[in-house]
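In what follows, a single structure is set out as structure tokens and then discussed.
Side chains are part of it too, since the values below use all heavy atoms of this structure and drop only hydrogens, waters and symmetry mates.
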Amino acid sequence: PQGAGGRPTREEAEQAVRVLLRWAGDDPEREGLLDTPKRVARAYEEYFVGYGQDPYAILRRTFEETNGYDEMVVLRDIDFRSHCEHHVAPIVGRAHIGYLPDHRVIGISKLARVVDVFARRLQIQEKLTAEIADSIESVLQPRGVGVVIEAAHHCMTTRGVSKEGVLMVTSRMLGAFRTDPKTRREFLSMIGNPAASVPR
């Protein structure tokens, strides 16, 4: 729905940007800002495209012809960009996903797409980590899932305490990744220590 209590119209969104520009102390009618409301509205469509995508539908495209492969599958260093739900400031980082298949595997590009779908919404990192892991477990039903996310939060680096070089690390371990220390250690060993290369 558009307007009238539903999703705001494009015009309403652009007007909201003009109000914020005036509140910040500038003049939205000056030359350099005339097209800013339109640009911001288009940017928001890109930033938050994940609200219109279904991660579960992406994950349902699995393969059963694995020739009995039942060892760990790991996809590491998945770049993502998100925005924190508290300040709408960027979250920039990498996700690492591992799972132990049970007769079914999934194309690696689908894992990367699921990260993007959840990341392209307003987020906190803890919820993002849990949503990725829980969706993989729910659809793929593997013997275990592990997700680790390392990210820099611009709400902390560009405002407030203004601390550069700080990374937040979150993890969610399910199934064998939670109950079997050997499986968990193998996963953490395979993803290494990529924190030094996380973009900020």
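Using cut-offs of 30° and 60° for the angle between ring planes, the Y44 and F48 rings count as perpendicular.
With a 4.5 Å cut-off on side-chain heavy atoms, Y99 and I106 count as touching. Between V49 and R120 there is a side-chain heavy-atom pair separated by less than 4.5 Å. Between V145 and V147 the shortest side-chain heavy-atom distance falls below 4.5 Å. At least one side-chain heavy atom of V117 sits under 4.5 Å from a side-chain heavy atom of I58. Side chains of L122 and C84 form no contact here, defined as non-hydrogen atoms less than 4.5 Å apart. Considering only heavy atoms from C-beta on, E29 stays 4.5 Å or farther from R22 through its side chain. Between L128 and F80, the closest side-chain pair of non-hydrogen atoms falls below 4.5 Å. A 4.5 Å side-chain heavy-atom check between R39 and T36 finds at least one atom pair inside the cut-off.
To the nearest 0.5 Å, atom CZ of residue F118 and atom OG of residue S135 are 4.0 Å apart. Annotation: the span from D116 atom CG to S82 atom OG amounts to 10.0 Å, rounded to 0.5 Å. For the atom pair E11 CD and K38 NZ, the distance stands at 9.5 Å (nearest 0.5 Å). In this structure, the separation between CG on D77 and CZ on R94 is 5.5 Å, given to the nearest 0.5 Å. Atom CD1 of residue I78 and atom CZ of residue R113 lie 13.5 Å apart, to the nearest 0.5 angstrom. Atom CG of L140 and atom OG1 of T62 lie 6.5 Å apart (nearest 0.5 Å).
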Please assess E46 against R81 for the test side-chain contact (heavy atoms from CB on, under 4.5 Å), listing each intermediate value before the final yes or no.
-> CA-CA 11 Å; E46 184 177 348; R81 306 289 185 273; over 6 Å; no
Worked verdict on H154 versus V92 for side-chain contact (heavy atoms from CB on, under 4.5 Å) | CA-CA 8 Å; H154 286 215; V92 181; 4.0 Å; yes
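Residue F63 is grouped with residue V73 when hydrophobic side chains (ILVMFWY) are merged at heavy-atom distances under 4.5 angstrom, including chains of intermediate members. Each of V19 and L21 belongs to its own hydrophobic cluster when Ile, Leu, Val, Met, Phe, Trp and Tyr are linked at side-chain heavy-atom distances under 4.5 angstrom. A single hydrophobic cluster is seen to contain both Y69 and I136, as judged by linkage of ILVMFWY side chains at heavy-atom distances under 4.5 Å, directly or through other members. Note on V105: it clusters hydrophobically with I97, by side-chain heavy-atom contacts below 4.5 Å among ILVMFWY residues. A continuous path of Ile, Leu, Val, Met, Phe, Trp and Tyr side chains, each step under 4.5 Å between heavy atoms, connects V88 with Y51, placing both in one hydrophobic cluster.
Under 3.5 Å, the side chains of H103 and Q141 contain no donor-acceptor pair of N or O atoms.
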In a table with atom names and distances, give each donor-acceptor pair under 3.5 Å that connects a side chain of residues 167-174 to protein atoms at least two apart or in another chain.
from	atom 1	to	atom 2	distance (Å)
T170	OG1	Q125	NE2	3.1
T170	OG1	T129	OG1	2.6
R172	NE	D134	OD1	2.7
R172	NH2	D134	OD1	3.3

Name each donor-acceptor pair under 3.5 Å that joins a side chain in residues 184-191 to protein atoms two or more places apart or in another chain, with its distance.
from	atom 1	to	atom 2	distance (Å)
R184	NH1	F177	O	3.0
R184	NH1	R178	O	2.9

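Side chain of E12 to main chain of T9: a donor-acceptor pair is present (N/O by atom type, distance under 3.5 Å, no hydrogens or angles). Remark: the backbone N or O of G50 is paired with a side-chain donor or acceptor of R121 at under 3.5 angstrom.
Scanning all heavy atoms of the two residues, the minimum distance from P101 to P142 falls at CA-CB, 4.4 Å. Nearest heavy-atom pair, H87 versus C155, reported as atom, atom and distance to 0.1 Å: ND1-CB, 3.5 Å. Nearest heavy atom pair, residue A151 against residue I91, reads CB-CG2, 3.7 Å.
With sequence neighbours excluded, no residue satisfies side chain to side chain donor-acceptor pair (under 3.5 Å) with E14. Residues forming a side chain to side chain donor-acceptor pair (under 3.5 Å) with D180 (at least two apart in sequence, or on another chain): T183. Legend: residues meeting side chain to side chain donor-acceptor pair (under 3.5 Å) with D102, ordered by chain and number and at least two apart, are absent. Looking at residues two or more places apart in sequence or on another chain, you find a side chain to side chain donor-acceptor pair (under 3.5 Å) between D26 and R30.
Surrounding CD1 of I108 are at most 12 heavy atoms belonging to other residues, nucleotides or ligands under 6.0 Å away. Other residues, nucleotides and ligands place more than 12 heavy atoms under 6.0 Å from the NZ atom of K127.
With Q123 as reference, E131 is the one residue of E131, H86, H83, E85 to meet the side-chain hydrogen bond (donor to acceptor under 3.5 Å, both in side chains) rule.
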